[in-house]
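What follows is one structure encoded as structure tokens, with my remarks underneath.
Just follow the structure's listing: the first ligand is 1, and inside any ligand the first atom is 1.
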Amino acid sequence: KDRGRNGVARYEPRLQEDQAHQLNLLTAMRSSLKQGEGFSLHYQPKVDLATGRVLGAEALMRWSHPAHGPVSPAQFIPLAERSGLIVELGRWALREACRQAQAWRSAGWSDFTIAVNVSMVQCRRDDLAHDVLTSLADSGLPGQALVLELTESVLADSADALHAALRRLRALGVTLSIDDFGTGYSNLGYLSRLEVQQLKIDQSFVRRFLSSPPDRAIVETIIAMARKLGLNTVAEGVEEPAWAETLQALGCHTGQGYFWSKPLPAEAFWSRFNPLPAL
Ligand code: C2E
Ligand code: CA
Ligand code: CA
Ligand code: CA
């Protein structure tokens, strides 16, 4: 039985587009959020390909429906985006991720960095920079320890207000990363202007780059371009040791994927990856 790529998608309705079903899901999400139950963050390590050291984690949202159990993010995130609920959910994720990251830094993992996904819907609102500032201030997390993963559509958006907000975030020391790079439309000219510092090579290229010459060419080109622009590169979806080795040889800095670990609940992530000497 296919339980989805993360083993969480136990609840697969037959009619995905069924309106009543979507509305039910949305109602359940709203009440989960209101009651502070059902939503959690899982953490997936980001690894320095040269040294094998865990540098930090990406926070990935999980939701368990009160009656049906875990629902895949591929299902509930798009619904949250279409309905606007992602604004409140994203705000919660940002606060929770900053709180957890600072707790781990205080516990002794002092250079731990956390990456949080930010939807385009959140970027279009004018309070994004304010939300980030509040999360940093309330948690005590330094801006330098926070990475925001934005989608490529941010590069294509020409709204001055958005660019001003992104510049404010950069001024706080926050790293701006372009998620799923290479899959969307992007205006490459913005790569330098927005002070983006990191490109995440989409897993669709990483998955095939050793077996498919065109995908290999794309991966090599992204890494080479990033290097020339002085940007960091993260390869996502790394599942095999050979992929990690080759990516490192090509000049990619950071890897993320099942080869190291699936996204884990906070306690499991800490006990498996914290760098503190065992007592
Ligand atoms: P993403 O940001 O591109 O996250 C990477 C996805 O790939 C995650 O799926 C992760 O579990 C999965 N993954 C990681 N390593 C591997 C691997 O080696 N092989 C394979 N096949 N997959 C791997 P997940 O957790 O189901 O999340 C799906 C998408 O949902 C994310 O894609 C992101 O776009 C969205 N999402 C998740 N959490 C949040 C959030 O807090 N806010 C927003 N706006 N979006 C989120
Ligand atoms: Ca991401
Ligand atoms: Ca991604
Ligand atoms: Ca993706």
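Between K200 and ligand 1 there is no heavy-atom distance shorter than 4.0 Å. At least one heavy atom of R62 sits less than 4.0 Å from an atom of ligand 1. For the pair P263 and ligand 1, a heavy-atom separation below 4.0 Å is found. Residue G237 places a heavy atom under 4.0 Å from ligand 1.
Less than 3.0 Å away from the Ca ion (ligand 2), the protein contributes these N/O/S atoms: E58 OE2, N117 OD1, E149 OE1, D179 OD2.
If you take CD on Q122 and CG on D131, they are separated by 8.0 Å, rounding to the nearest 0.5 Å. Rounding to the nearest 0.5 angstrom, the gap separating the CD atom in Q198 from the CD atom in E149 is 7.0 Å.
For the residue pair N117 and E58, a side-chain donor N or O sits within less than 3.5 Å of a side-chain acceptor on the partner. Side-chain contact annotation: Q22 with R82, donor-acceptor N/O pair under 3.5 Å present. Donor-acceptor pairing under 3.5 Å is recorded for the side chains of S119 and E81.
In summary, the atoms of ligand 1 found under 4.0 Å from a heavy atom of E239, numbered by their order in the structure, are 17 (C), 18 (O), 19 (N), 20 (C), 21 (N). Atoms of ligand 1 lying under 4.0 Å from at least one heavy atom of E236, given by number and element, are 3 (O). The ligand atoms of ligand 1 that sit less than 4.0 angstrom from a heavy atom of Q44 are 14 (C), 15 (N). Atoms of ligand 1 found under 4.0 Å from any heavy atom of D180, numbered from 1 in the order shown, are 3 (O). Applying the 4.0 Å criterion to heavy atoms of E58 picks out, from ligand 1, the atoms 2 (O), 4 (O).
None of I223, L231, L229 except one satisfies the side chain to side chain contact (heavy atoms under 4.5 Å, CB included) rule with L199; the exception is L231.
You'll find the ring centres of W109 and F273 outside the 6.0 Å limit. Between F205 and F209, the ring centre distance reaches or exceeds 6.0 Å.
Look at K200 and D180 and you find no salt bridge, because none of the NZ, NE, NH1 or NH2 atoms lies under 4.0 Å from a carboxylate O. Using a 4.0 Å cut-off between a side-chain N of Lys or Arg and a carboxylate O of Asp or Glu, R167 and D160 do not qualify as a salt bridge.
Taking only nitrogen or oxygen atoms, main chain and side chain alike, Q256 does not reach within less than 3.5 Å of ligand 1. The shortest N or O to N or O distance between N117 and ligand 1 is below 3.5 Å. For the pair M61 and ligand 1, the shortest N or O to N or O distance falls below 3.5 Å. For the pair E149 and ligand 1, the shortest N or O to N or O distance does not fall below 3.5 Å.
The 12-atom threshold is not exceeded at CZ of R227, counting heavy atoms of other residues, nucleotides or ligands nearer than 6.0 Å. Enclosure of atom CD in Q197 by more than 12 non-hydrogen atoms of other residues, nucleotides or ligands within 6.0 angstrom is indicated.
Across S261, P78, S119, S204, heavy-atom proximity to atom 44 (N) of ligand 1 is greatest for S119. Among V118, D202, D179, the residue whose heavy atom lies nearest to atom 2 (O) of ligand 1 is D179.
Classified by interplanar angle (parallel below 30°, tilted 30° to 60°, perpendicular above 60°), the ring pair F112/F269 is perpendicular.
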